[in-house]
Every structure is written in structure tokens, then in C-alpha cells.
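In what follows, a single structure is set out as C-alpha cells and then discussed.
The residues of the chain are indexed from 1 along the displayed sequence.
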Amino acid sequence: MKILITGATGLIGRKLTERLLGQSHQITALSRAPERAAKLLGPQVQIWETLDGKTSLDDFDAVINLAGEPIADKRWTKEHKALLCESRWQLTEKLATLINASQTPPSVFISGSAVGYYGDQGQALVPEDEPPNKQFTWQLCARWEALALTAESPRTRVCLLRTGIVLAEKGGALAKMVLPFRAGLGGPLGDGQQYMPWIHIDDMIDGIIFLLTHETLSGPFNMVSPYPARNEQFSALLGEVLHRPAFMRAPGPVVRLLMGESAVLVLGGQRAVPRRLEAAGFVFKHQELKEALEELLG
């Protein structure tokens with residue numbers, strides 16, 4: 001297949017590109033830093049710096065849209081919220097426009113989203129049809145998804161990746177979590193009862209390829225392990241795997257003071273489950289959190 005990938009130099013994109021190249025697919029990556037992208041992705045990948053001047057995506061069998069400004073790296077000022085939205089919405093809208101303008105459009109458009117679509121759901125079980133709480137993360141993801149769905153037609157199916165915390169050996173959220181634990185300063189956040197929907201990077205990549213190759217699948221998919229963990233459980237298991245203490249609890253008010261509105265990302269949560277992926281026949285390699293952490297950090 002000829003596949004266009006945005007966000008190909010990110011945590012998920014790099015691993016996905018490597019896997020797809022190994023399956024003999026032809027990959028084009030969209031990157032604002034083409035020299036860096038070429039160095040990271042290798043000579044087999046064609047690099048586009050922009051979509052400007054493109055009038056269609058007729059040459060592609062699939063488009064995978066993973067681009068977006070990191071959501072947890074900075075406080076949510078008005079300006080940063082706008083950047084988070086624009087980095088997702090504008091590119092997604094452009095891709096959908098090009099797909100709709102194509103004479104022979106890509107057969108599938110796989111577009112990013114997040115479990116943040118649901119907002120903070122407390123202890124409730126969250127399959128894909130759970131009504132959202134309309135917080136900022138919902139506003140961000142709902143518009144993102146709606147723009148992607150404008151590309152849907154009898155010739156193009158659209159799959160939405162409602163992704164949880166992606167656990168990887170290097171980079172991503174796990175690398176940031178590990179630092180205080182290695183220093184003996186790790187522990188739960190707030191009351192520790194909030195759920196953390198997680199997924200091993202290998203299952204994330206396998207899941208995307210599953211959606212890419214199963215032609216009957218469309219709509220939203222929770223890209224999470226079947227067994228989300230509470231923050232307190234996650235902290236205890238991470239400390240156990242690292243052989244470090246995990247009792248330095250960070251009080252909720254302190255976290256809110258440091259992070260502002262974005263504290264909802266770590267003090268709130270979603271007990272999200274991958275109901276639609278499993279119903280379609282996808283089998284997770286990493287279902288248990290301790291095993292996943294040991295495989296990545298052991």
C-alpha cells in the first residue's frame with residue numbers, strides 16, 4: 001500500500017513507519033522539519049514538508065493522521081489551548097478536503113483522537129458509546145473527530161483512534177513518570193483512585209495496522225488495554241518494577257497549583273475499555289500492566 005503518515009516522527013509514528021516499511025509498504029511522511037524527518041525515518045521514506053499545492057491524495061491507498069502538539073507539556077493558557085486545537089484541526093480539515101477532492105481517494109483515513117474525548121469519567125466503565133463530559137479535552141477531540149469524519153464516503157472509511165497513555169521504552173509519558181520514581185520521589189497523584197487507560201506501544205502499532213487492513217471497520221476505537229489501572233495501582237507497580245519506593249503522594253491541590261486547568265489530565269481519568277477492537281477480533285499482546293512495565297523497563 002501507498003500510505004501518507006502525519007506525525008511520523010513522533011512516538012507512535014516512528015514505530016509505525018518502521019513496522020510498515022518492514023511489511024513493504026511505501027511511506028510518505030508529512031513533516032515541517034524534513035531534514036530531521038529524513039534522518040529519523042531513513043531514505044526509504046519520502047518526505048513532504050507541506051500540503052500546500054496538493055489538490056488531491058489520489059496516489060495513496062491510506063492516510064494515517066497522528067500529528068498534534070503535545071497536550072501535557074505546558075500549562076493550558078488561552079494561547080496554548082488555541083495551539084493544541086489548531087495543530088490538530090487545521091491539518092485534519094486539510095487532509096479531509098484533499099481526500100474529498102480525490103478522483104480515486106484513499107480507501108481508509110485513520111485519524112488520531114484521545115480518551116480525553118470522554119472528559120473525566122470517574123469510576124464509570126467507558127466503552128466507545130459512553131456519553132462525554134464536555135470539558136476542554138472533549139471540545140478538542142470532538143471537533144478533531146468531526147473534521148476527520150467529513151472524509152467519510154462509500155469509497156473512504158474513517159477510523160478514529162481514541163488513544164490512552166502509550167507506554168514505550170523510550171520517550172512518551174512513561175519516560176516522564178520514571179524520573180521521579182528513580183529518584184525515590186514517586187507515588188500516587190491526588191487520591192490515586194483515578195483510572196489511567198494505558199496501552200503498550202506494540203499493541204498500539206498492531207491495533208493501527210489491524211484497522212488499516214480490516215476493511216469493514218470504521219468509527220471510534222478506544223486504543224487502550226482491556227484492563228485500565230487506578231493511579232495508585234499504577235504507581236505501586238511502577239515502583240515495584242523499578243525497585244524504588246512509591247509512597248510520595250502528591251496532594252491534589254498542589255498538582256492543581258502547579259498544572260492549572262491541565263491538572264485534569266492526571267487527577268481525572270477514564271476507565272476506558274477497547275470494546276470495539278476486541279469485538280472485531282483484535283487480541284492484545286500486553287493486557288497486564290505489570291508484565292508490560294517489566295517488558296519495557298526490566
(Q) Treating Gln139 as the side-chain partner and Cys85 as the backbone partner, does any N or O pair qualify as donor plus acceptor under 3.5 Å? (A) no
Q. If only atom types and distance count, is the side chain of Gln194 paired as donor or acceptor with the main-chain N or O of Val266 below 3.5 Å?
A. yes
Q: Please round to the nearest 0.5 Å and tell me the distance separating atom CZ of Phe60 and atom CD1 of Ile5.
A: 10.0 Å
Q: Identify whether Tyr117 and Leu265 are in the same connected component of the hydrophobic contact network (ILVMFWY, side-chain heavy atoms under 4.5 Å).
A: no
Q: Report yes or no: do Leu41 and Ile3 belong to one cluster of Ile/Leu/Val/Met/Phe/Trp/Tyr joined by side chain heavy-atom distances under 4.5 Å?
A: yes
(Q) Please find the pair of heavy atoms, one from Arg14 and one from Thr9, that lie closest to each other, and give the distance. (A) CD-O, 3.2 Å
Q: Quick one: pull up OG in Ser24 and CD in Gln44 and give me the separation to the nearest 0.5 Å.
A: 9.0 Å
**Q.** Donor-acceptor pair between His200 and Glu295 side chains, under 3.5 angstrom
**A.** yes
Q) Rounded to the nearest 0.5 Å, what separation is found between the CG atom of Leu161 and the CD1 atom of Ile208? A) 5.0 Å
Q) Taking all non-hydrogen atoms of both residues, which atom of Tyr195 and which atom of Gly122 are closest, and how far apart? A) CD1-O, 4.0 Å
Q: Would you please name every residue forming a side chain to side chain donor-acceptor pair (under 3.5 Å) with Lys81, sequence neighbours left out?
A: Glu261
Q | Closest heavy-atom pair and its distance - Ser113, Glu145 | A | OG-OE2, 2.7 Å
**Q.** Evaluation steps, side-chain contact (heavy atoms from CB on, under 4.5 Å), between Lys54 and Lys94
**A.** CA-CA 10 Å; Lys54 308 297 182 186; Lys94 180 64 173 176; 5.8 Å; no
Q: Dump the intermediate steps for side-chain contact (heavy atoms from CB on, under 4.5 Å) on Leu16 and Ile209, then the final yes or no.
A: CA-CA 8 Å; Leu16 177 63; Ile209 294 174; 4.0 Å; yes
Q | Sequence-distant partners of Lys285, salt bridge (charged side-chain N to carboxylate O under 4.0 Å, His left out), two or more places apart | A | Asp206
(Q) Checking the side chain of Arg249 only, and the main-chain atoms of Gly190 only, is there a donor and an acceptor separated by less than 3.5 Å? (A) yes
Q | Where Pro226 and Pro228 come nearest, the two heavy atoms and their spacing | A | O-CD, 3.4 Å
**Q.** Leu11 versus Ile201, closest heavy-atom pair with distance
**A.** O-CD1, 4.1 Å
Q) Can you tell me how far CZ of Arg244 sits from CZ of Arg182, rounded to the nearest 0.5 angstrom? A) 9.5 Å
**Q.** Any donor-acceptor pair under 3.5 Å from Arg276 side chain to Ser218 backbone
**A.** yes
Q) Closest approach of Pro188 and Glu232, non-hydrogen atoms and distance? A) CG-CG, 4.0 Å
Q: Could you pull out all residues at least two apart from Lys176 that satisfy side chain to side chain donor-acceptor pair (under 3.5 Å)?
A: Asp73
Q: Decide whether Leu98 and Ile64 are clustered together by the hydrophobic rule: side chain heavy atoms of Ile, Leu, Val, Met, Phe, Trp, Tyr closer than 4.5 Å, transitively.
A: no
Q: Under the salt bridge (charged side-chain N to carboxylate O under 4.0 Å, His left out) rule, collect the residues that match up with Lys74, sequence neighbours excluded.
A: none
(Q) Using a 3.5 Å distance criterion without hydrogens, assess whether the side chain of Asp120 forms a donor-acceptor pair with backbone atoms of Gly269. (A) yes
Q: For Glu291, look at atom CD and say whether over 12 heavy atoms of other residues, nucleotides or ligands are found less than 6.0 Å away.
A: yes
Q. Looking at CE of Met196 and CZ of Arg230, how far apart are the two atoms once the value is rounded to the nearest 0.5 Å?
A. 13.0 Å
Q | Heavy-atom neighbours of Glu35 CD exceed 12 at 6.0 Å | A | no
**Q.** Donor-acceptor contact below 3.5 Å, side chain Asn65 vs main chain Gly112
**A.** no
Q: Name all residues meeting the salt bridge (charged side-chain N to carboxylate O under 4.0 Å, His left out) criterion together with Glu130; count only those two or more places apart in sequence or in a different chain, and write none if there are none.
A: none
Q: Answer yes or no: does atom CD of Gln287 have more than 12 heavy-atom neighbours from other residues, nucleotides or ligands under 6.0 Å?
A: yes
Q) Transitive ILVMFWY cluster of Val273 at side-chain heavy atoms under 4.5 Å: who else is in it? A) Leu125
Q) Distance-only, no hydrogens or angles: does the Gln123 side chain make a donor-acceptor pair with backbone N or O of Gln193 under 3.5 Å? A) yes
Q) Hey, are the side chains of Val115 and Val126 touching, using non-hydrogen atoms and a 4.5 Å cut-off? A) no
**Q.** Path from Val108 to Leu147 over hydrophobic side-chain contacts below 4.5 Å
**A.** no
Q. Do Arg157 side-chain atoms and Leu217 backbone N/O form a donor-acceptor pair below 3.5 Å?
A. yes
Q) Quick check: are there more than 12 heavy atoms from other residues, nucleotides or ligands sitting under 6.0 Å from CD of Gln23? A) yes
Q. Backbone N or O of Phe284 within a donor-acceptor pair of the Asp203 side chain at under 3.5 Å?
A. no
Q. In terms of hydrophobic clusters joined by side-chain contacts under 4.5 Å, are Trp144 and Val264 together?
A. yes
Q) Rounded to the nearest 0.5 Å, what separation is found between the CG atom of Leu149 and the OG1 atom of Thr156? A) 12.0 Å
Q) Can you check whether Leu30's main-chain N or O pairs, donor with acceptor, with Thr6's side chain at less than 3.5 Å? A) no
Q: For side-chain contact (heavy atoms from CB on, under 4.5 Å), just list the numbers for Arg143 and Arg88, CA-CA rounded to whole Å, side-chain angles, deciding distance to a tenth of an Å, and then say yes or no.
A: CA-CA 9 Å; Arg143 177 67 174 160; Arg88 289 159 173 79; over 6 Å; no
(Q) side-chain contact (heavy atoms from CB on, under 4.5 Å) for Asn222 and Arg275? Distances and angles first, verdict last. (A) CA-CA 7 Å; Asn222 287 342; Arg275 184 167 292 174; over 6 Å; no
